[in-house]
Amino acid sequence: MIPKKMPVKDAYIVKIAVEFENHIAQLINLDQRQPLTGKIQEICSCWGIVDPENYALQFCEQNNIKYVTEKNRNEIKNGSVLRLQYSPSKTANDTLETLRSGSTFEKIKCLKELASLSVDLTFALEFIKEQGLSIIINMIEDTNQKDDEILKYSLASFVELMEHGTVSWEILQNSFVQRNIDIVCCFQNFPKECTESALSNLENIVQNSTKHKLVENNVTLQDLLRLLQDANSPVIQQNAIAVINALFMKADEERRRHIARTISAKQYRLALISNVSGTEMTHQLYVLQTLTLGLLEQRMRMKMNVQDQEAHEKIKELRRTAFDDYSGGTGISDEQLRRGGGSGGGNVNYSQFYKKLGFKCDINPAQDFIETPPGILALDCMVYFSRNYPQQYTKVVHENSHRADEHECPFGRTSIELVKLLCDILRIGEPPSEQSVDFQPMFFTHDHPFEEFFCICIITLNRTWKDMRATAEDFQKVFSVVREQITRTLKARPENLEDFRAKIALLTYQTITNLRQQERTSKEECDSTASAIVKLKEKISPHITDLIKHQRLWFLVEGTRFSKYSRGARSKDKFWYARLSPNHKVIHYGDCDEKTIPTLEELTNKVLVIDIKQLLEGKECPHMKEMRTRKSAVNLAFSITFDSMDHATLDFVAPDETVFNYWTDGINALLGQEMVSKQKKDDFDTLLSMEIKLRLLDTEGVDISKDPPPIPEDPENYDFCYES
């Protein structure tokens with residue numbers, strides 16, 4: 001019987017359902033090569049609809065309500081449910097007609113639907129093309145309109161229509177901008193949705209329009225910050241911060257600093273960090289954090305100028321604060337130190353102090369602040385530390401400057417490098433990321449957050465330096481650990497600087513080392529269970545075993561000196577030597593002294609490997625039957641049995657566990673049996689792990705999936721089309 005040929009499935013045809021009002025859904029086959037207009041005509045014909053040109057198909061998933069077009073029709077899959085609706089063009093015209101001449105109730109209902117429909121780009125383009133946007137703008141500008149519902153939904157519709165980016169923000173008149181400003185400044189008089197939309201509009205106007213000056217001049221920071229305190233809406237709060245961020249980015253340097261100073265007021269800082277909820281709010285706060293910390297960029301990129309008298313005075317202040325007891329206690333004035341003398345007539349030069357402070361260039365420490373980053377910002381932080389924490393500053397300097405060994409931690413050099421590290425971690429000078437939510441509340445809990453951050457980190461650095469017993473050669477190693485201490489602590493999102501201080505104190509050098517080892521072990525364990533790694537291990541395991549076998553046999557060829565045992569007791573000053581012939585066929589053995597290593601020819605006794613019958617260990621050995629020896633000797637005993645007229649066994653007691661393992665493994669290898677010692681297992685695991693790591697070097701940083709990717713299903717047919 002000839003088997004029936006199965007029908008070939010057409011990849012271009014999808015089976016879908018189409019709904020329309022109260023009618024029973026149609027189950028149809030949609031040919032993706034057929035124009036949509038033709039298929040819509042067929043669907044309308046089935047339901048007796050006489051004007052198919054006024055209809056279109058629409059996706060009806062809750063998170064995907066949009067019209068089907070020739071561009072997005074590939075999103076239709078088998079089992080999709082579509083809805084037959086009025087086309088975008090007809091819907092747009094009907095909407096405009098209602099907005100022009102409908103009753104208040106009809107307008108509200110229409111605007112509510114418009115806010116939802118405007119999310120779809122296809123509809124939005126049709127509505128804008130029919131001058132619908134100007135009607136919405138007029139409705140928003142109409143201050144005589146007393147119905148809050150109309151204002152609420154017209155603002156929401158405007159936001160959605162502009163979100164597509166097809167219309168320039170330059171089309172807006174001052175009256176529209178002012179209307180949004182009035183809503184924000186008098187937010188108590190409007191529904192919260194109106195304020196949410198108005199803030200969104202102001203943010204875009206500041207970012208994308210030349211009318212941003214109107215917003216800057218008429219919306220104060222206090223107005224926006226008041227929304228954080230008084231408005232009971234997370235959306236209003238996050239949109240208010242977004243407007244602050246937009247104003248910040250448009251402002252000049254002086255105004256930016258004014259904004260930062262205003263925000264740093266305690267009541268506003270508390271309002272900021274008490275409203276962290278949701279990803280978008282966190283992102284806006286991250287942007288604000290990045291912008292305010294970015295004000296440090298100017299100092300970070302500024303080299304120390306030789307003419308900068310203020311900077312020179314700061315360097316002198318560092319010296320005086322650290323070594324005040326030297327000059328003050330002896331009555332030597334700063335001027336006398338400059339001249340190199342004192343009341344006692346001794347010469348004192350500055351370089352010794354600057355060397356103790358840990359500067360690279362102790363003759364002229366200003367040279368240390370030429371590199372940018374961190375530039376003069378490093379000096380600012382060091383001076384802040386010395387002024388606000390003089391006891392800790394003095395302790396850090398003196399602990400290291402009076403050390404007699406090479407383990408001193410140079411305060412100057414490490415401080416400059418630390419500021420550079422902190423700028424890198426916080427990405428100071430870089431624009432905010434569009435997606436990041438790396439908001440750190442602690443930077444909004446102090447008037448000088450970066451400087452306080454530095455003070456905590458410099459103390460941590462000194463502690464880590466001591467824990468590592470570091471020298472100047474270990475500089476980069478120390479900073480690698482300190483970077484990890486800081487970044488791990490920041491990931492915990494400390495609420496304030498004291499919380500950061502407490503958390504980073506727990507991350508000692510030993511803790512970091514343990515965490516690194518745990519993570520490395522965990523990753524290796526995870527990688528080792530991946531099917532690809534398992535197969536690789538299976539492939540190279542025989543080679544590793546063979547390598548160990550050759551090492552063991554080489555060890556036997558080199559030979560070993562053993563102590564003689566008689567009746568279970570060790571014979572005094574008597575030794576014998578055993579070694580395997582290079583061809584692995586004969587074991588040679590004979591007496592020797594405790595120093596000489598006999599050659600193969602000097603060992604007159606022989607045992608043919610082919611005659612060896614069995615390997616015995618521990619208490620099974622004949623020379624261990626009478627337990628007069630120490631238990632350790634029993635554990636190191638082994639014997640080989642063989643066919644001979646003279647002896648039935650050759651008995652050994654290894655000098656240590658390693659020799660015992662090597663010899664027993666070697667004899668098992670000679671007998672063609674598995675090597676079973678603990679040493680063999682350890683060597684095998686070590687070598688296998690090293691080999692796997694070497695082979696995976698090119699995949700560093702790539703996550704290895706536990707399971708291989710699935711094999712694709714066979715194609716529905718093999719009639720492949722190749723287009724030139």
Side-chain angles (χ1 to χ4, degrees), residues 10-100 102 105-133 135-136 152-167 197:
D10 194 332
Y12 292 99
I13 294 177
V14 289
K15 297 180 181 294
I16 62 170
V18 179
E19 299 175 338
F20 177 63
E21 294 180 352
N22 297 324
H23 294 72
I24 298 173
Q26 292 186 38
L27 301 177
I28 64 172
N29 292 333
L30 176 63
D31 190 337
Q32 293 284 39
R33 295 165 293 189
Q34 178 185 359
L36 282 173
T37 52
K39 197 64 184 178
I40 290 169
Q41 286 178 351
E42 290 180 22
I43 295 168
C44 289
S45 178
C46 288
W47 275 319
I49 299 171
V50 295
D51 54 344
E53 67 277 3
N54 286 332
Y55 286 86
L57 293 173
Q58 189 181 51
F59 293 100
C60 56
E61 291 94 342
Q62 187 149 7
N63 58 348
N64 185 29
I65 300 176
K66 62 185 179 185
Y67 284 100
V68 179
T69 65
E70 293 292 346
K71 288 184 178 180
N72 65 20
R73 64 184 296 171
N74 62 305
E75 296 178 26
I76 303 173
K77 306 298 180 186
N78 276 313
S80 293
V81 179
L82 305 181
R83 184 185 295 121
L84 187 68
Q85 293 280 73
Y86 279 128
S87 67
S89 177
K90 178 169 175 52
T91 305
N93 282 296
D94 290 348
T95 301
L96 288 169
E97 184 63 31
T98 303
L99 294 178
R100 289 189 183 104
F105 176 79
E106 290 172 333
K107 286 181 180 180
I108 292 172
K109 181 182 177 183
C110 183
L111 284 167
K112 189 174 182 180
E113 292 175 354
L114 178 62
S116 176
L117 284 167
S118 298
V119 176
D120 181 10
L121 175 62
T122 307
F123 171 81
L125 291 173
E126 285 292 335
F127 187 78
I128 293 168
K129 186 177 74 173
E130 299 297 331
Q131 305 304 312
L133 192 61
I135 293 177
I136 297 298
K152 178 171 75 174
Y153 290 119
S154 57
L155 277 166
S157 299
F158 178 83
V159 169
E160 294 298 343
L161 289 166
M162 294 297 287
E163 189 70 25
H164 299 292
T166 59
V167 179
S197 298

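This structure is a prediction, so every number in the text was calculated from the model and none was measured.
- At a threshold of 4.0 Å, the pair E42-K39 counts as salt-bridged, since one of the basic side-chain nitrogens sits closer than that to a carboxylate oxygen.
- Partner of K66 under the side chain to side chain donor-acceptor pair (under 3.5 Å) criterion, out of E75, Q58, E61: E75 alone.
- When every heavy atom of S118 is checked against every heavy atom of L161, the shortest pair comes out as OG-CD2, 3.5 Å.
- Taking CD1 of I135 as the start and OG of S154 as the end, the distance is 12.0 Å to the nearest 0.5 Å.
- Looking only at distances, no side-chain donor or acceptor of K71 sits under 3.5 Å from a matching main-chain atom of V68.
- Looking only at side-chain heavy atoms (C-beta outward), L121 and T166 come within less than 4.5 Å of each other.
- Looking at heavy atoms from C-beta onward, F20 lies out of side-chain contact with I43 at the 4.5 angstrom threshold.
- No donor-acceptor pair under 3.5 Å is formed between the side chain of S45 and the backbone N or O of Q41.
- For the atom pair E126 CD and L96 CG, the distance stands at 10.5 Å (nearest 0.5 Å).
- In this structure a side-chain-to-backbone donor-acceptor pair under 3.5 Å is missing from H164 to T122.
- The shortest side-chain heavy-atom distance between R73 and L36 falls under the 4.5 Å cut-off.
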Checklist entry - For I65 and V119, what are the C-alpha separation, side-chain angles and deciding distance, and is it a side-chain contact (heavy atoms from CB on, under 4.5 Å)? => result CA-CA 9 Å; I65 300 176; V119 176; over 6 Å; no

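- Looking at heavy atoms from C-beta onward, T98 lies out of side-chain contact with K109 at the 4.5 angstrom threshold.
- Of all non-hydrogen atoms in V81 and C60, the two that sit nearest each other are O-SG, 3.0 Å.
- The structure places CD of Q32 at 9.0 Å from CD of E70, a figure rounded to the nearest 0.5 Å.
- We find the OG1-CG distance between T69 and N74 to be 9.0 Å, quoted to the nearest 0.5 Å.
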Checklist entry - What do the steps show when you test L133 against M162 for side-chain contact (heavy atoms from CB on, under 4.5 Å), and what is the final call? => result CA-CA 9 Å; L133 192 61; M162 294 297 287; 3.9 Å; yes

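- Nearest approach of E19 to A25, heavy atoms of both residues: CG-CB, 4.2 Å.
- No side-chain heavy atom of Y67 sits less than 4.5 Å from a side-chain heavy atom of N72.
- When all heavy atoms are compared, the tightest approach of L155 to S197 is CB-CB, 3.7 Å.
- Separating the CD atom in E160 from the CG atom in L117 is a distance of 11.0 Å, to the nearest 0.5 Å.
- Few gaps surround CD on Q34; more than 12 heavy atoms of other groups in view lie less than 6.0 Å from it.
- Across every non-hydrogen atom of L57 and L84, the tightest pair is CD2-CD1, 4.0 Å.
- A heavy-atom distance below 4.5 Å is not found between the side chains of N54 and I49.
- To the nearest 0.5 Å, atoms OH (Y86) and CG (D51) are separated by 6.5 Å.
- Nearest heavy-atom pair, Y55 versus C44, reported as atom, atom and distance to 0.1 Å: CB-SG, 4.2 Å.
- Within the 4.5 Å cutoff, the side chain of E113 has no heavy atoms near those of the T95 side chain.
- A 4.5 Å side-chain heavy-atom check between I136 and F127 finds at least one atom pair inside the cut-off.
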